[in-house]
Amino acid sequence: VSSKTYVIEDTIFVKYNGKAWQPEIPLEITVIGEGAFAENKNVREIIIRKGVTKIEDFMVYGCESVSITIAPTVTNIGDNIFQQQRMSFC
């Protein structure tokens, strides 16, 4: 599924191109792809829901001050996704 706002392949959240400060991750997503939110200056908060099991590298690379909340279902976290970001685990 591809739109101007989201790019999704199967259950992988590939890219967010929207302008919302807190983008909603669709329920069917199990993987947040490499650089999915990278360089998006609008994003301020990301909530990784239950059901997501993997976050690939550089998820928020180049973003400014993003708060990240990660569900306990995430068991595989890539490199450099927390660089200069606030985060919490729930």
Listed by chain and number, what are the side chain to side chain contact (heavy atoms under 4.5 Å, CB included) partners of Val74, not counting sequence neighbours? Ile48, Val52, Ile55, Ile70, Ile77
Without swapping roles, check the side chain of Thr73 against the backbone of Gly51 for a donor-acceptor pair under 3.5 Å. yes
With sequence neighbours left out, write down each residue that passes salt bridge (charged side-chain N to carboxylate O under 4.0 Å, His left out) with Lys54, or none if nothing qualifies. Glu56
Can you tell me how the ring of Phe13 sits relative to the ring of Phe37, calling it parallel under 30°, perpendicular over 60° and tilted otherwise? parallel
Do Glu34 and Tyr61 touch side chain to side chain, with heavy atoms closer than 4.5 Å? no
Closer than 3.5 angstrom, by distance alone: can the side chain of Asp57 be matched with the main-chain N or O of Gly78 as a donor-acceptor pair? no
Other residues, nucleotides, ligands: >12 heavy atoms within 6.0 Å of Gln22 CD: yes
Are Ile47 and Val66 connected into the same hydrophobic cluster when the rule is that any two of I, L, V, M, F, W, Y join if their side-chain heavy atoms are below 4.5 Å apart? no
Where the side chain of Lys19 meets the backbone of Thr5, is there a donor-acceptor pair that is under 3.5 Å apart? no
Please report the closest heavy-atom contact between Ala71 and Lys50, naming both atoms and the distance. CB-N, 3.5 Å
If you compare all heavy atoms of Ala38 against all heavy atoms of Phe58, which two are closest, and at what distance to 0.1 Å? CB-O, 4.1 Å
Residues passing the salt bridge (charged side-chain N to carboxylate O under 4.0 Å, His left out) test with Glu28, sequence neighbours excluded, are none
For Ile29 and Ile12, work out which heavy atoms get closest and say how close. CD1-C, 4.1 Å
If I take atom OG from residue Ser67 and atom CZ from residue Arg44, how far apart are they, to the nearest 0.5 angstrom? 11.5 Å
Intermediate values then yes/no, side chain to side chain contact (heavy atoms under 4.5 Å, CB included), Val31 and Asn76: CA-CA 9 Å; Val31 175; Asn76 188 330; over 6 Å; no
Any carboxylate oxygen within less than 4.0 angstrom of a Lys/Arg side-chain nitrogen, looking at Arg49 and Glu24? yes
Considering non-hydrogen atoms only, spot the tightest contact between Lys4 and Asn17 and give its length. O-CB, 3.2 Å
Can you give me the closest heavy-atom contact between Gly18 and Asn42, atom names plus distance? O-ND2, 3.7 Å
Nearest heavy atoms of Pro23 and Glu45, plus distance in Å: CD-O, 3.6 Å
